[in-house]
Engineer: 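The structure is given below, and queries will be raised subsequently.
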There are 2 protein chains.
Amino acid sequence: MAGHGTRGRSGRRPTLEEVAARAGVGRGTVSRVINGSPRVSDATRAAVEAAVAELGYVPNTAARALAANRTDSIALVVPEPETRFFAEPYFSEMLRGVGAQLSDTEMQLLLIFAGSDRERRRLAQYLAAHRVDGVLLVSVHADDPLPDLLAQLEIPAVISGPRSERETLPSVDSDNYGGGRSAVEHLIARGRTRIATITGRLDVYGAQRRIDGYRDALRDAGREVDEALIVPGGFTEDGGRRAMTELLGRRPDLDAVFAESDVMAAGARKVLREAGRRIPDDVALVGYDDSAIARHMDPPLTSVRQPIEEMGRAMIDLLLDEIADRRPQVSRSPGRRQVVLPTELVERDSS
Amino acid sequence: MAGHGTRGRSGRRPTLEEVAARAGVGRGTVSRVINGSPRVSDATRAAVEAAVAELGYVPNTAARALAANRTDSIALVVPEPETRFFAEPYFSEMLRGVGAQLSDTEMQLLLIFAGSDRERRRLAQYLAAHRVDGVLLVSVHADDPLPDLLAQLEIPAVISGPRSERETLPSVDSDNYGGGRSAVEHLIARGRTRIATITGRLDVYGAQRRIDGYRDALRDAGREVDEALIVPGGFTEDGGRRAMTELLGRRPDLDAVFAESDVMAAGARKVLREAGRRIPDDVALVGYDDSAIARHMDPPLTSVRQPIEEMGRAMIDLLLDEIADRRPQVSRSPGRRQVVLPTELVERDSS
DNA sequence: ACGTAGTGTGGGAGCGCTCCCACAAGTGAT
DNA sequence: ATCACTTGTGGGAGCGCTCCCACACTACGT
């Protein structure tokens with residue numbers, strides 16, 4: 001219970017200076033050992049390490065940040081409200097990936113909400129103060145001023161879900177095109193002939209890509225694309241419901257629906273059920289996101305899974321690269337860094 | 001585009017000293033203005049504020065932390081894996097509450113995962129270094145050493161979901177007892193006579209309280225508690241399934257089930273369906289958590305809603321109090337601070 | 001013998017704040 | 001006029017690091 005690497009639970013914490021005294025070396029040497037510099041003899045290093053262990057020394061981050069002018073922390077900015085980001089699979093899975101990848105480093109993770117105006121002003125202050133070494137951006141709209149602000153302040157940033165095909169920021173995305181495509185190919189393989197799609201918000205790049213996948217899958221299978229079978233659902237359940245109603249009115253003979261989110265699929269399912277269509281017998285249904293809703297739907301919903309956790313990991317990798325690149329003022333980033341990760345179709349009973 | 005509160009987008013940021021020079025005052029005075037001390041004349045304050053605005057001054061957090069020996073940040077510790085915490089309503093809602101309440105302050109939020117051993121060691125280092133002013137603990141098991149560590153280090157902490165009825169830490173909880181009670185009272189009011197319950201993990205205090213509520217609701221209605229109608233489901237879907245199967249075997253004539261989580265309700269629902277029981281006609285079903293699963297179930301599931309966002313807010317309130325109380329070494333906390341927030345029964349079609 | 005490179009190492013300077021002591025100036029009682 | 005406060009202000013000291021220059025000391029050439 002006594003001392004032994006704990007040294008006065010309530011007393012002052014030991015400083016570099018004290019470790020140096022204990023080890024019989026200078027302050028600079030201890031600093032070198034702590035920071036893993038190679039320019040230290042083995043004997044000295046061992047002595048310092050012993051002193052560190054005996055005193056239970058832990059570096060003072062604030063002092064380090066002040067002296068070295070870096071914070072060793074990155075921020076995950078959540079453009080909060082009403083975003084799909086807060087929905088089930090995204091948030092927790094991405095965080096899991098981010099956390100896992102970060103646990104190998106000394107970096108800490110800050111969570112910043114930028115929903116309200118107040119929060120956004122606060123964020124701007126925050127960034128202006130350079131309180132983080134880098135920023136992770138998620139589900140940012142095309143017209144959001146945040147990326148520009150970051151560029152202006154020269155703060156490294158990585159975005160998940162690029163805003164367009166010519167995203168300037170390093171980005172991580174899942175293969176929305178491939179995801180849409182695989183869903184439709186699956187339906188075709190199952191013998192469906194009149195395949196509709198309920199799309200997401202058309203101002204979201206990823207949603208567009210899913211539609212592209214839908215179109216190309218049909219074309220490549222030699223099918224004609226019937227524009228009447230493409231209806232927007234805005235990523236909401238209610239939107240899905242309305243879209244499905246619309247579709248049933250336009251093309252009563254459809255036999256499959258690809259909803260570009262599980263939530264919209266849930267809405268569509270209700271309408272189908274009310275219309276007396278059986279799933280999957282009369283109409284096959286495929287969703288997107290592989291959320292809890294999909295797993296618990298009746299029947300369980302076939303859905304496109306995105307590797308969200310991996311995306312989180314990839315974002316951290318990119319960001320750390322970006323930060324490292326900027327440290328010595330030489331060698332700018334070689335070029336754009338865009339990562340696209342594959343999706344996976346999870347087949348269940350709805351198709 | 002020029003200067004004007006932005007001052008060299010890539011140049012050094014202005015310091016207190018520079019603001020002081022600009023305003024024609026001393027360093028101390030600027031510090032006082034920045035920190036809202038009342039001991040500054042109005043004229044001086046105005047001059048300083050003008051200088052701050054002109055230079056676009058933002059305090060350097062690291063320097064402040066070093067000099068004042070506080071970090072202005074708190075950590076939310078997530079004892080990651082397999083926790084129910086990461087499931088739908090909890091994580092995002094609690095974070096929303098925490099974030100909202102924090103946005104009124106200068107405090108920043110750190111997210112720390114403490115799932116693996118490695119992460120836990122890192123966390124211990126982190127706390128030993130006093131890198132946060134306070135800690136938010138969520139879904140901690142009764143035998144977790146973390147609370148003791150925090151006490152030893154004298155780091156203020158608040159726990160959500162007390163570990164037992166004599167939790168020593170300040171805590172925030174929802175009224176699990178009342179929640180369980182209201183679910184059962186609702187079923188009684190609906191004329192159900194043989195009401196079973198599928199419980200959570202028995203080592204979780206909150207789960208116990210829900211069972212207490214179940215028991216008391218029956219007793220107070222003059223019913224007898226049939227122990228055979230109480231089966232543990234461990235908070236998993238599979239557990240819910242097994243428990244339901246067991247229940248059907250023991251008491252084929254039951255006409256209502258209170259599942260102490262939506263996930264278990266989903267498992268129970270499947271078994272009921274396979275057994276040919278109609279919901280709610282033959283068997284009424286009530287869940288707990290009011291998650292997406294409940295909203296999207298077929299039929300939509302009556303469920304007990306916890307005010308998770310408010311819980312997050314309350315946790316921050318408690319923690320900030322705790323931190324403030326500890327600053328001047330006088331006046332210890334007057335006593336235990338335990339907050340219990342009411343739940344709400346959300347009635348849907350399953351009951 | 002005398003450079004001429006390395007290696008290790010010590011410690012001064014300084015990062016940008018807060019804390020607090022010293023002190024000037026004003027206010028009101030005696 | 002004197003004393004005792006109160007109010008406002010300036011600036012020294014110091015928080016615990018990193019950076020970097022200066023200085024041994026060694027090990028080779030020549």
Side-chain angles (χ1 to χ4, degrees), chain A residues 7 11-49 51-52 55-73 106 128-131 133 327-329, chain B residues 7 11-49 51-52 55-73 106 128-131 133 327-329:
Chain A
R7 201 251 218 287
R12 258 182 52 276
R13 289 185 294 127
T15 68
L16 244 203
E17 197 93 45
E18 288 162 17
V19 174
R22 175 91 176 209
V25 301
R27 197 163 19 76
T29 302
V30 177
S31 177
R32 260 164 243 135
V33 172
I34 299 292
N35 293 291
S37 156
R39 313 211 143 284
V40 182
S41 72
D42 289 346
T44 309
R45 164 168 287 117
V48 170
E49 279 167 353
V52 165
L55 297 175
Y57 171 75
V58 184
N60 179 319
T61 340
R64 178 179 283 182
L66 178 58
N69 194 34
R70 61 198 163 91
T71 64
D72 286 332
S73 64
E106 290 290 87
H130 281 268
R131 283 173 71 166
D133 293 343
R327 293 262 223 250
Q329 229 36 301
Chain B
R7 202 255 214 284
R12 256 183 52 278
R13 290 184 293 129
T15 67
L16 245 203
E17 197 93 45
E18 288 163 18
V19 174
R22 175 91 174 207
V25 301
R27 198 163 19 75
T29 302
V30 176
S31 178
R32 260 165 245 135
V33 172
I34 299 292
N35 293 291
S37 157
R39 314 210 141 285
V40 182
S41 71
D42 290 346
T44 309
R45 163 167 287 115
V48 170
E49 277 166 354
V52 165
L55 297 174
Y57 171 75
V58 184
N60 179 319
T61 339
R64 177 179 284 185
L66 178 58
N69 193 35
R70 62 198 163 90
T71 64
D72 286 331
S73 64
E106 290 289 86
H130 281 268
R131 284 173 69 166
D133 292 342
R327 294 262 224 250
Q329 227 40 300

Engineer: Do A:Glu49 and A:Arg45 come close enough that some side-chain heavy atom pair is under 4.5 Å?
Structural biologist: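 SC-SC contact between A:Glu49 and A:Arg45 confirmed.
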Engineer: Taking atom types as they are modelled, would you say the side chain of A:Arg45 forms a donor-acceptor pair with the base of C:dG8 within the 3.5 Å cutoff?
Structural biologist: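 No, the side chain and the base share no sub-3.5 Å donor-acceptor pair.
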Engineer: For B:Asn60 and D:dC17, give me the distance from atom CG to atom P, rounded to whole Å.
Structural biologist: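 Taking atom P of D:dC17 as the reference, CG of B:Asn60 is at 17 Å.
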Engineer: Quickly work out the A:His130 NE2 to C:dC15 C1' distance and round it to whole Å.
Structural biologist: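 Whole-Å distance recorded here is 16 Å.
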Engineer: Kindly give the heavy-atom pair with the smallest separation between B:Arg32 and B:Arg39, and that separation in Å.
Structural biologist: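 B:Arg32 and B:Arg39 have their closest heavy atoms at CD-O, 4.1 Å.
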Engineer: Quick one: is B:Arg64 getting a side-chain N or O under 4.0 Å of the C:dT18 phosphate, OP1 or OP2?
Structural biologist: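 True: B:Arg64 side-chain N/O within range (under 4.0 Å) of C:dT18 OP1/OP2.
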Engineer: Hey, is the side chain of A:Ser31 poking within less than 4.0 Å of OP1 or OP2 on D:dC17, counting only N and O atoms?
Structural biologist: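 No, outside the criterion.
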Engineer: Provide, to the nearest angstrom, the distance between the CG atom belonging to A:Asp72 and the C1' atom belonging to D:dC17.
Structural biologist: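 Checked: the CG to C1' distance equals 12 Å.
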Engineer: Is there a side-chain contact between B:Arg39 and the phosphate of D:dT7, meaning an N or O under 4.0 Å from OP1 or OP2?
Structural biologist: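 Yes, within the criterion.
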Engineer: Give a yes/no on whether any side-chain N or O of B:Asn69 is located under 4.0 angstrom from OP1 or OP2 of C:dT18.
Structural biologist: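 No, B:Asn69 has no side-chain N/O under 4.0 Å of OP1/OP2 on C:dT18.
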Engineer: Quick one: on DNA chain D, does B:Ala68 or B:Pro38 contact a more 5' nucleotide (nearest heavy atom)?
Structural biologist: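 Of the two residues, B:Pro38 wins.
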Engineer: To the nearest 0.5 Å, what is the distance between CG on B:Leu66 and OG1 on A:Thr61?
Structural biologist: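 B:Leu66 CG to A:Thr61 OG1: 10.5 Å, rounded to 0.5 Å.
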Engineer: Looking only at atom types and distance, does a side-chain atom of B:Arg27 sit under 3.5 Å from a main-chain N or O of B:Ala20, one as donor and one as acceptor?
Structural biologist: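 No: the side chain of B:Arg27 does not pair with the backbone of B:Ala20.
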Engineer: Rounded to whole angstroms, how far apart are CZ on A:Arg27 and C1' on D:dC20?
Structural biologist: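 These atoms are roughly 12 Å apart.
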Engineer: Can you confirm whether A:Asp72 sits close enough to A:Arg64 that some side-chain heavy atom of one is under 4.5 Å from a side-chain heavy atom of the other?
Structural biologist: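 Contact flag for A:Asp72/A:Arg64 side chains = yes.
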Engineer: Return the 5'-most residue of the pair B:Val58, A:Gly24 with respect to DNA chain C, ranking by each residue's nearest nucleotide.
Structural biologist: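 The 5'-side residue here is A:Gly24.
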Engineer: Atom CZ of A:Arg32 to atom P of D:dC17: distance rounded to whole Å?
Structural biologist: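 Going from CZ in A:Arg32 over to P in D:dC17 covers 15 Å.
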Engineer: Choose from C:dC20, C:dT18, C:dG16 the nucleotide whose nearest atom is closest to any side-chain atom of B:Asn35.
Structural biologist: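 Nearest nucleotide to the side chain: C:dT18.
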Engineer: Measure the angle between the two terminal helix axes of the helix from C:dA1-D:dT30 to C:dT30-D:dA1, five base pairs each, and quote it to 10°.
Structural biologist: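 Axis-to-axis angle, ends of the helix: 50°.
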Engineer: Just how far, in rounded Å, is C1' of D:dG16 from CD1 of A:Ile34?
Structural biologist: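 My rounded result for the distance is 12 Å.
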Engineer: What I want to check is whether an N or O donor and acceptor connect the side chain of B:Arg13 with the base of C:dG16 at under 3.5 Å.
Structural biologist: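 No pair found.
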Engineer: Has A:Thr44 got a side-chain N or O lying under 4.0 Å from the OP1 or OP2 atom of C:dT9?
Structural biologist: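 Yes.
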Engineer: Assess whether side chain to side chain contact (heavy atoms under 4.5 Å, CB included) is satisfied between A:Val30 and A:Val25, documenting all intermediate values.
Structural biologist: CA-CA 7 Å; A:Val30 177; A:Val25 301; 3.7 Å; yes
Engineer: Less than 4.0 angstrom between a side-chain N/O of A:Thr29 and OP1 or OP2 of C:dT9, yes or no?
Structural biologist: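 It does not, given that no N or O in the side chain of A:Thr29 lies less than 4.0 Å from OP1 or OP2 of C:dT9.
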Engineer: Tell me which of B:Ala67 and B:Asp42 sits closer to the 5' end of DNA chain D, going by the nucleotide each one is nearest to.
Structural biologist: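 Closer to the 5' end of DNA chain D: B:Asp42.
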Engineer: Rounding to a whole Å, what distance do you find between B:Glu17:CD and C:dT18:C1'?
Structural biologist: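 Between C1' of C:dT18 and CD of B:Glu17: 13 Å.
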Engineer: OP1, OP2 of D:dT9 versus side-chain N and O of B:Ser41: anything below 4.0 Å?
Structural biologist: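 Affirmative; the distance criterion is met.
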Engineer: Which nucleotide sits closest to the side chain of B:Leu66: C:dG16, D:dC17, C:dT9?
Structural biologist: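 Side chain of B:Leu66 sits closest to C:dG16.
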Engineer: Considering only D:dT9, C:dG10, C:dC19, which nucleotide approaches the side chain of A:Val25 most closely?
Structural biologist: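 In terms of side-chain proximity for A:Val25, the closest of D:dT9, C:dG10, C:dC19 is C:dG10.
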Engineer: Evaluate the side-chain proximity of A:Val33 to A:Thr44: yes if any heavy-atom separation is below 4.5 Å, no if none is.
Structural biologist: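 SC-SC contact between A:Thr44 and A:Val33 ruled out.
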Engineer: Could you tell me which non-hydrogen atom of A:Ala65 sits nearest to which non-hydrogen atom of A:Thr71, and how far apart they are?
Structural biologist: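 Nearest heavy atoms, A:Ala65 then A:Thr71: CB-CA, 4.5 Å.
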